A.B. asks: 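First the structure, which I've put down as structure tokens, then a few questions once you've had a look.
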Amino acid sequence: QVQLVESGGGLVQAGGSLRLSCAASGGTFSTHVMGWFRQAPGKEREFVFAISRSGGTAYYANSVKGRFTMSRDNAKNTVYLQMKSLKPEDTAVYYCAARRSRGPSMGIGGYDYWGQGTQVTVSS
């Protein structure tokens, strides 16, 4: 059983930056594909970014292309989501997720473990 705890959310002005972290415990971190999802008020949870077990391959949503990057540190059991040029439409609760299967997934159903989420609010 993997436990995930996100941190780093907050209030930022449009154009600003934030870095989210997700610390994992209770499992073998390096064997899990990791993902970030977000859910805005009144909307469904959506895929943001995913990274392979080694960190060598990443997948992202078109809406964050060129603005967000995802990385992982397997020695620290932590993944990061660096967000730049933030927009009001990026406002959402951001969730970290872990997937036992080897291949990547951009679907909510493809992930086995979820964190509690961290709020990101971007003001205009």
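Note that this is a predicted model, so its numbers are computed, not measured. Along the sequence shown, the residues carry numbers beginning at 1.
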A.B. asks: Where do S17 and S85 come nearest, in terms of heavy atoms and distance?
C.D. replies: OG-N, 4.5 Å
A.B. asks: L20 versus M83: any side-chain heavy-atom pair under 4.5 Å?
C.D. replies: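 A side-chain contact under 4.5 Å exists here.
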A.B. asks: Of R102, R99, R100, which meets side-chain contact (heavy atoms from CB on, under 4.5 Å) against H32?
C.D. replies: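 Testing each of R102, R99, R100 against H32, the sole residue satisfying side-chain contact (heavy atoms from CB on, under 4.5 Å) is R100.
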A.B. asks: For a quick test of reading the model, state the closest non-hydrogen atom pair linking K43 to Q39 and the distance between them.
C.D. replies: O-NE2, 3.1 Å
A.B. asks: Step by step, would you call K76 with S21 a side chain to side chain contact (heavy atoms under 4.5 Å, CB included)?
C.D. replies: CA-CA 11 Å; K76 295 182 178 180; S21 299; over 6 Å; no
A.B. asks: Given the rule in the side chain to side chain contact (heavy atoms under 4.5 Å, CB included) test, do V64 and M70 qualify, once you have shown the distances and angles that lead to the verdict?
C.D. replies: CA-CA 11 Å; V64 305; M70 184 177 181; over 6 Å; no
A.B. asks: Which heavy-atom pair separates S123 from L11 by the least distance, and what is that distance?
C.D. replies: CB-CD1, 4.3 Å
A.B. asks: State yes or no: do L18 and W36 share one hydrophobic cluster built from I, L, V, M, F, W and Y residues joined by side-chain heavy-atom distances below 4.5 Å, directly or via other members?
C.D. replies: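 Yes: a chain of side-chain contacts under 4.5 Å links L18 to W36.
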A.B. asks: Are Y59 and V33 in one and the same hydrophobic cluster, where Ile, Leu, Val, Met, Phe, Trp and Tyr link if side-chain heavy atoms are under 4.5 Å apart?
C.D. replies: yes
A.B. asks: Take S30 and R53 through the side chain to side chain contact (heavy atoms under 4.5 Å, CB included) test and state the conclusion after the steps.
C.D. replies: CA-CA 6 Å; S30 62; R53 297 182 298 178; 5.9 Å; no
A.B. asks: What residue among F49, W114, Y95 forms ring-ring contact (aromatic ring centres under 6.0 Å, His included) with F37?
C.D. replies: W114
A.B. asks: What distance separates N77 CG from C22 SG, expressed to the nearest 0.5 Å?
C.D. replies: 10.0 Å
A.B. asks: Look at the aromatic rings of Y94 and F68 and report parallel, tilted or perpendicular, splitting at 30° and 60°.
C.D. replies: tilted
A.B. asks: Which heavy atom of T91 sits nearest to which heavy atom of A40, and what is that distance?
C.D. replies: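 T91 and A40 have their closest heavy atoms at O-CB, 3.6 Å.
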A.B. asks: How about E89 and V122: do any of their side-chain heavy atoms sit closer than 4.5 Å?
C.D. replies: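 Side-chain contact under 4.5 Å: no.
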A.B. asks: Hey, is OH on Y60 packed in by over 12 heavy atoms from elsewhere, all under 6.0 Å?
C.D. replies: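 Check fails, neighbour count at 12 or below.
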A.B. asks: So which heavy atom on V79 is nearest to which on C96, and how close?
C.D. replies: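 The pair with the smallest heavy-atom distance is CG2-SG, 3.9 Å.
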A.B. asks: Is there a donor-acceptor contact under 3.5 Å from the side chain of E46 to the main chain of R38?
C.D. replies: no
A.B. asks: Taking atom CE of M34 and atom OG of S52, what is their separation to the nearest 0.5 Å?
C.D. replies: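 Reported value, rounded in 0.5 Å steps: 12.0 Å.
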A.B. asks: Before giving the answer on side chain to side chain contact (heavy atoms under 4.5 Å, CB included), spell out for D90 and R67 the whole-Å C-alpha distance, their side-chain angles and the decisive distance to 0.1 Å.
C.D. replies: CA-CA 11 Å; D90 294 317; R67 301 188 299 121; 2.7 Å; yes
A.B. asks: Do any N or O atoms from the side chain of S101 and from the backbone of G103 form a donor-acceptor pair under 3.5 angstrom?
C.D. replies: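 Not a single qualifying donor-acceptor pair exists.
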A.B. asks: Just wondering, do T57 and P104 contact through their side chains at under 4.5 Å, heavy atoms?
C.D. replies: no
A.B. asks: Give me the atom names and distance for the closest heavy-atom approach of A50 to Y111.
C.D. replies: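 The answer is CB-OH, 3.5 Å.
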A.B. asks: For the CZ atom of F29 and the CG atom of L4, what is their distance to the nearest 0.5 Å?
C.D. replies: 8.5 Å
A.B. asks: Is there a path of hydrophobic side-chain contacts, each under 4.5 Å between heavy atoms, that joins L81 and Y113?
C.D. replies: yes
